[in-house]
Structure formats: C-alpha cells, structure tokens
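The block underneath contains the structure these notes are about, expressed in structure tokens.
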Amino acid sequence: MAEDVKSLNFIEHIIEEDLRSGYAKDDLRFRFPPEPNGYLHIGHASSICLNFGLGLRYNAPVNLRFDDTNPTKEEKEYVDAIKEDVAWLGYTWDQECYASDYFQQLYDWAEELIKKEKAYVDSQSSEEIANQKGTPTEAGKESPYRNRSVEENLKLFEGMKNGEFEEGAHVLRAKIDMASPNMLMRDPVMYRILHKAHHRTNTDWCIYPMYDWTHGESDYIEQVSHSLCTLEFLPHRELYNWFLDQLVDSDKLRPKQREFARRNLSHTVVSKRKLLQLVESGAVEGWDDPRMPTISGLRRRGYTPESIRNFADTIGIAKRENVVDVSLLEFHLREHLNKIAPRVMAVLNPLKVVITNYHEGKEEWLDAENNPEDESAGTRKIPFSRELYIEQEDFREEANRKFFRLKLGGEVRLKNGYIIKAESCSKDSSGNITEVQCSYDPKSKSGSGTEESLRKVKGTLHWVSVPHAITAEVRLYDRLFTDATPDGHKEKDFMEFVNPESLTKITGYLEPSLQNAKVGDRFQFQRLGYFNVDKDSSDEKLVFNRTVTLRDTWAKLEQK
RNA sequence: UGGCCUAUGGUGUAAUUGGUAACACAGCUGAUUUUGGUUCAGUCGUUCAAGGUUCGAGUCCUUGUAGGCCAACCA
C-alpha cells in the first residue's frame, strides 16, 4: 500500500479530503446513472471506470441507476444493453436502481415543498414560461400563478397526478428566484404532465419528474456520497443543493455533486445524438457496427475490457476540455492482445508461390508456436506444400536493400518453414505478377537445428498452403472519420468527414486450424494485425473483423 | 455584453499543496528478433500573457487573453 505511487486525480483528492475531515470510509458510495435512451459509448466507459474504479479503490458499493424519468425516449431494450455493457467491462454493481422506483417518494416530497410554499403549479404554456425566463444578462419575470394558495396548488397537483389535465396544461415549479444569475434557479420545472406509458411504471403515472428534481433526491435516497457527473451539470449544482436543503435529514448522509470533463476521442464522435445519426443515415450498419465507438461496437470489433479499462485509467480525469488521441486506446488494445492472442497465418492479398524443387503432391505438417509471449500457449501443426500463397506486397521483382522481403534472386524465410529463393515470376498480359517460382533449401527447415536452418536471413514472411487454405470473409476497418475532430468545425457538419473507405470486405486465405474458430475468438494474423470472429459467421462461412493492425514501422519508412 | 468553469510538451495526465516540472502515448535514433510485431536502450519537447508577493511561483494575488458552459415541460 505504501508503495502505491499512483497519483490521485482531483476527485480522489476531494474524497481524501472528506475522509481526513471526518467522513467515515464506510459511508462512501457511488453510482453510475445512465439514461436508458441509447447505447453506451467510450465516453461513458470513462465514467463507468471512474465510478466503479472508486468503488474498488475504497471498497465502496456502486449502484447502477437508470435515470428513467422521460418515458418518451426510454426503453427496456436500452436498459438491457447498458447492463450487458457494464458487466462486460468487468464491473459488478451493488444495487440495480431506477429513478422510477422513487416516483412516489418524490411526489410526497413535492407535496411537502408545496406546503412549505417552495413550489407552485404554473398554468401557463411552455412558451410563456420560456419568455418570462429572461436571459443570462437580464432577470426573469414572475409567473402570475406564482402565489397561488397552498390549497389550490395541492389540489391542482393532485389533479395533475390523477390525469385530470391535458399535457402542457400545468407544471409544478420550484419557487426560488426569477432574478438569479443562474438561469436554472429561475423557478425550474419539477413536474410535467405526460400521458405516456413508462417502461417500468406503465400508466401508473401521468406526471413525470424532471432531471434536477430527481437526480439529487435519488442520490439522497440511495445515500450516495459522491455524485459525479460531467461539466455541463456544474450550474445545476446550485439547484441540486437547493432541493437537498428543502428535505435533507441532518442525521442522514448528504450527497455532493462534483463535475469532471467528458472525454473526447480523436477521429470519432461521442454523443448519443450523433451516434444515432450515423446509424439512421446508414453510414454504419447499427449501434454495434465495429466502426462505432459504442461499447457494443468496440466489443464486436474485438476490443478487450482490460484494454478499455487500462485506457480509462491512463487518461485519467480532469476538468479541462480534451481530445484524447485514439492511438492511446490502440496502444492499450495492442498491449493486451499481444499477450493473449494466439498467432496464426493468413494471407489477405494472395500471390501464388510455386516451389519448383518441392515434390508435387507432398505435404508436411510443421510445428508452429502459438504465442511467443506465452509459452503455455503451446504449439500447433501447419501444413506446407509445393504451392503457397504469400502477400502480393511481399514480393517485388527488384528492390533496394531496405526491402527485407522476397525479390528475384533473393532469399527469405517462410515463417516456421523453409528458406526459399525467388528464381522467376510470371505475369499476365497487363503486366501484373501472377506467380513466383522459387526454390527451397530442404535442409533449412525451422527448428531442425541444422546449420542451414540457423542461417540468418533478413526477411521472414507469413504464408498459407494453397491446397490446405480455408477462406473467410475479412472485414478491414479504417477510421470512421477522416478528421481528428469531426464535430469540432463550426461551419462543417461532422457527417462530411465520414470516411467512405472505413470498411473493405475481402476474401482471406487462412491456415486450416482456424476452421473451428468461434465467434469472439481473437487471433493475431502474423505480420498483419489482430482479428476476431464476427457474429455474422456461420457454419458455412467464417467472418473476421480486423480489430487493429500491428504497428508498422515499414509502412512509415515507405511513406517517406 | 451577466454569471460560472478551464488553461502544464504534438496528445492525455501528474507535481508530496510555495522547494530541481514528471509519467504514458505519439515522434525520432539504435540494439535484439524466424512477425519490419514484441522487448531493450537512448532522444526530442512543457507551465496562456504581463505585472506583483516571496530567498524561491505551474501552484498565491492583480489585470488581461483564449476556449467552454448557462435562456428544453431533455438528461
């Protein structure tokens, strides 16, 4: 513990300070409060990791609370997806809560506020109320209904609850201060009438509480100690506290709200609205499209929960605006996949190689290491024969010394196999290379221990045996946006930056051991990248997603 | 032109609360390597500006500047 050198973020400093000033460690409790109106994305992951990370750090419970106060947008489908995503990230919540479970308590408290003349029923239209609100630089005007009697307010409020009025006929407002410099304090709406069925309470209620009236009170009911939200809620804190002031019991814990900056990721967007737009416009195929920065998209793409948690941990949390480079996410992804992904060979852009001095019809099963980073992963057998596929870009008729791959007259090692030498090549009528004829050194077999096998050859290529290869659809993903900050341009819509080449589907040739790969299985296709089996796979057809390429210093050299 | 928040390498985050500005990524060199992967070694580069307090300021004060948030019966 004393060796824990990890520095604290500002939230942890606040908690440590609270602890020092007498806060009992057992009183610590956190919550992750999603609204079930969409899918979770990488930005939420940061918040999830923050709250659940705090729970782990202080051994404190963390509730999963659905902020379900708006039946017009919320659905059970989203509740289920959110639970799946949080669990997949590896976290266990203490209680599964719903703001809708507190509707009765909230209603009772609202009546108390009316009795204390801290709330009133306003019967104006939303336009009228908006017009009276004033602006940030000028005070608002008081509603003509502001001073209704307690009795009348009580009666009207009950009528609202009982469904006696049309939507929009009345609202319940807190009576605070129409001249406050904080617009949120200008008699905010607490309840509106909505004749809509709710995903949990069905038609029990036809009035629904607003966010501000619900959130802090839910925290209080659950005795959440630190209620963490994003920066745009900072002005809400005054109102959060005002509501608590009206009803907090001094022998109960009083929650405190603190705000942090939402995390933005380069080359993507993290906003439910924009994500929805991508789905509805057909730019992607759904919420879990592997190009989406949703948790479900990242999962399908092949990301591991560990990599996302490490990423969240590294970027930390603060109060300033930020755009985290996606390469940091990819670093953590590769770091983890490098440790766990079995290596296999697959050729994506095949070029046939014929080993002219290898017997026709002969085949050998060679030993191949499954993961050089993990000895316990063991070895497997891969077939070798006279006809092989290598990558087109691994052969050139001529090339300089920097090109470590196959060229005419040059030698190269076939991974786990033999050293071969390119003797000649064939071309089609338009000059494209169609086949390379090579000779092999029979004594150079990998692992045989012979002098020849130990020879240093600069290049090593991956390959598959033509007669043994199986095929699969391989989906190559590139960044969804061509710009680092697609939604950071005032005069251009983010949709203009959608990368038209973010998905390429090709046929790949794979070593036969992949025949039995299961949906979700992750592999490193050697020298190419990490791939996983997509859920679109069937018994007849394998589909692989490219999760991320390997780091490629050769590609960088070539660009120069 | 009201109120509030923020400002540290290219990016993100730290700095024992006033005491040598550091960590990770990215970049660049080189070594190792049967993956141009991994690993290892090295390297580049930072406190928004101007004043002030102080022996000493990223940290405190003043004034600027820049960016963000706030006028939904959304959350």
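Letters A, B, ... mirror the listed sequences (proteins, then strands); counts begin at 1.
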Between the protein and nucleotides 30-32 of chain B, list every N/O to N/O distance that falls short of 3.5 Å.
none

Using nucleotides 16-21 of chain B, report all nitrogen or oxygen pairs with the protein that are shorter than 3.5 Å.
| residue | atom | partner | partner atom | Å |
| --- | --- | --- | --- | --- |
| B/rU17 | O4 | A/His13 | ND1 | 3.4 |

Walk along nucleotides 64-74 of chain B from 5' to 3' and tag each nucleotide B, S or - by protein heavy-atom contact under 4.0 Å, base first, then sugar-phosphate.
---SS-SB-BB
Check ring-ring contact (aromatic ring centres under 6.0 Å, His included) between A/His462 and all other residues, then give those that pass, not counting sequence neighbours.
none
Return the CG to NE2 distance between A/Asn241 and A/His236, rounded to the nearest 0.5 Å.
13.0 Å
All stems with RNA chain B, defined as three or more consecutive Watson-Crick or G-U pairs under 3.5 Å:
B:2-7 with B:65-70, B:10-13 with B:22-25, B:27-31 with B:39-43, B:48-52 with B:60-64
Report the C-alpha distance between A/Lys381 and A/Asp367 in whole Å, list the side-chain angles of each, state the deciding distance to 0.1 Å, and finish with yes or no for salt bridge (charged side-chain N to carboxylate O under 4.0 Å, His left out).
CA-CA 5 Å; A/Lys381 296 280 189 183; A/Asp367 289 313; 2.9 Å; yes
Partner set under ring-ring contact (aromatic ring centres under 6.0 Å, His included) for A/Phe32, not counting sequence neighbours:
none
Using the salt bridge (Lys or Arg N to Asp or Glu O under 4.0 Å) rule, collect all pairs that involve residues 413-422 of chain A, keeping only residues at least two apart or in two chains.
none
In A/Asn370, A/Val344, A/Ile340, A/Leu550, the residue satisfying side chain to side chain contact (heavy atoms under 4.5 Å, CB included) with A/Gln524 is A/Leu550
Roughly how far, to the nearest 0.5 Å, is the CG atom of A/Leu461 from the CG atom of A/Leu414?
6.0 Å
Measuring centre to centre across the rings, with the benzene-like ring taken for any Trp, is A/Tyr418 within less than 6.0 Å of A/Phe384?
yes
Just to verify, what does A/Glu511 make a salt bridge (Lys or Arg N to Asp or Glu O under 4.0 Å) with, not counting sequence neighbours?
A/Arg380
Base contacts versus sugar-phosphate-only contacts with protein, heavy atoms under 4.0 Å: please encode nucleotides 33-43 of chain B as B, S and - from 5' to 3'.
-BBBBS-----
Identify the residue among A/Arg148, A/Arg146, A/Lys133, A/Arg173 that makes a salt bridge (charged side-chain N to carboxylate O under 4.0 Å, His left out) with A/Asp122.
A/Arg173
Centroid separation under 6.0 Å, is that true for the rings of A/Phe331 and A/Phe311?
no
With no angle test and no hydrogens, is the base of B/rA24 tied to the side chain of A/His332 by a donor-acceptor pair under 3.5 Å?
no
Taking atom C1' in both B/rU38 and B/rA75, what distance in whole Å separates the two?
45 Å
Selection residues 64-74 of chain A - residue pairs positive for salt bridge (Lys or Arg N to Asp or Glu O under 4.0 Å), sequence neighbours left out
A/Arg65-A/Asp219, A/Arg65-A/Glu222
A/Tyr240 meets the ring-ring contact (aromatic ring centres under 6.0 Å, His included) criterion, sequence neighbours left out, with none
Reference residue A/Arg263; test side chain to side chain contact (heavy atoms under 4.5 Å, CB included); the match among A/Ile317, A/Ile42, A/Val270
A/Ile317
Applied to residues 333-349 of chain A, the salt bridge (Lys or Arg N to Asp or Glu O under 4.0 Å) test, sequence neighbours excluded, yields none
